[in-house]
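The next block holds one structure in the form of structure tokens; read it before the comments.
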Amino acid sequence: MARKRRFSDRLAASPLRRLTGKHTVLLEYVAPRSGALVSLPVWAVPWAGGWVVVVGKAEAKTWWKAFRRELPATIVDVRSRHEVVGRLLATDHVYYDALAAYVAAIPAAGRVAKPGVPIVFFRARLPEAP
């Protein structure tokens, strides 16, 4: 994991950062079934005190299925690491608000961010009680 952090730090500080966009973050979590560390770049939009990630072309991806139940994760952005908990949103009014916020922040995502697309919401992880 340290190697990936160094890479993300170098990327964030380099001119290549402009190519990845301001919404690109590194998502890290431990896969619930295999226990493997998963680390992947995603577009995350700040919303409701957390981050929204819309899963474009979800049929070709499996990572988002790990968040059908709440799962601890880390979001690494240009400034810092954020300890979070992620959960797949149900299709209710919160889902549609999150989708609208995502498309407003990343208009190009409107091509894949259609109703029904999986959305994972990440909120800050509360410190564990002693």
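Hydrogens, waters and symmetry mates are skipped; everything else that's a heavy atom, side chains included, is used.
- At least one side-chain heavy atom of P118 sits under 4.5 Å from a side-chain heavy atom of L88.
- The list of side chain to side chain donor-acceptor pair (under 3.5 Å) pairs with a residue in residues 59-68, not counting sequence neighbours, is empty.
- Of all heavy-atom pairs between A98 and I119, the closest is CB-CG2, 4.5 Å.
- Counting heavy atoms from C-beta outward, L27 and I75 have side chains that approach closer than 4.5 Å.
- Listed by chain and number, the residues in a side chain to side chain contact (heavy atoms under 4.5 Å, CB included) with A104 amount to none (sequence neighbours excluded).
- When the side chain to side chain contact (heavy atoms under 4.5 Å, CB included) test is applied to S34, the partners found at least two apart in sequence or on another chain are A31, A36.
- Here the side chains of V42 and V25 are in contact, with some heavy-atom distance below 4.5 Å.
- Using a 4.5 Å heavy-atom cutoff, the side chains of Y29 and L40 are in contact.
- Contact record, H23 with A105: NE2-O, 3.6 Å, taken as the closest heavy-atom pair.
- In this structure the side chain of V84 never reaches within 4.5 angstrom of the side chain of P72, judged on heavy atoms.
- The shortest distance between side-chain heavy atoms of V117 and L99 falls below 4.5 Å.
- Within the structure, the side chain to side chain donor-acceptor pair (under 3.5 Å) test picks out the following pairs touching residues 82-106 (sequence neighbours left out): T74-E83, D77-H82, S80-H82, E83-R125.
- Annotation for A101 and W47: closest pair CB-CD1, 3.3 Å, computed over non-hydrogen atoms.
- Two different hydrophobic clusters hold V55 and V85 under the rule that ILVMFWY side chains link at heavy-atom gaps under 4.5 Å.
- Taking all atoms of both residues into account, the shortest heavy-atom contact from P41 to L26 is N-CD1, 4.0 Å.
- When atom types are taken as modelled, the side chain of R69 and the backbone of A66 share no donor-acceptor pair closer than 3.5 angstrom.
- Looking at V30 and V38, their side chains never come closer than 4.5 Å, going by heavy atoms from C-beta outward.
- Between F67 and F122, a ring centre-to-centre spacing shorter than 6.0 Å is recorded.
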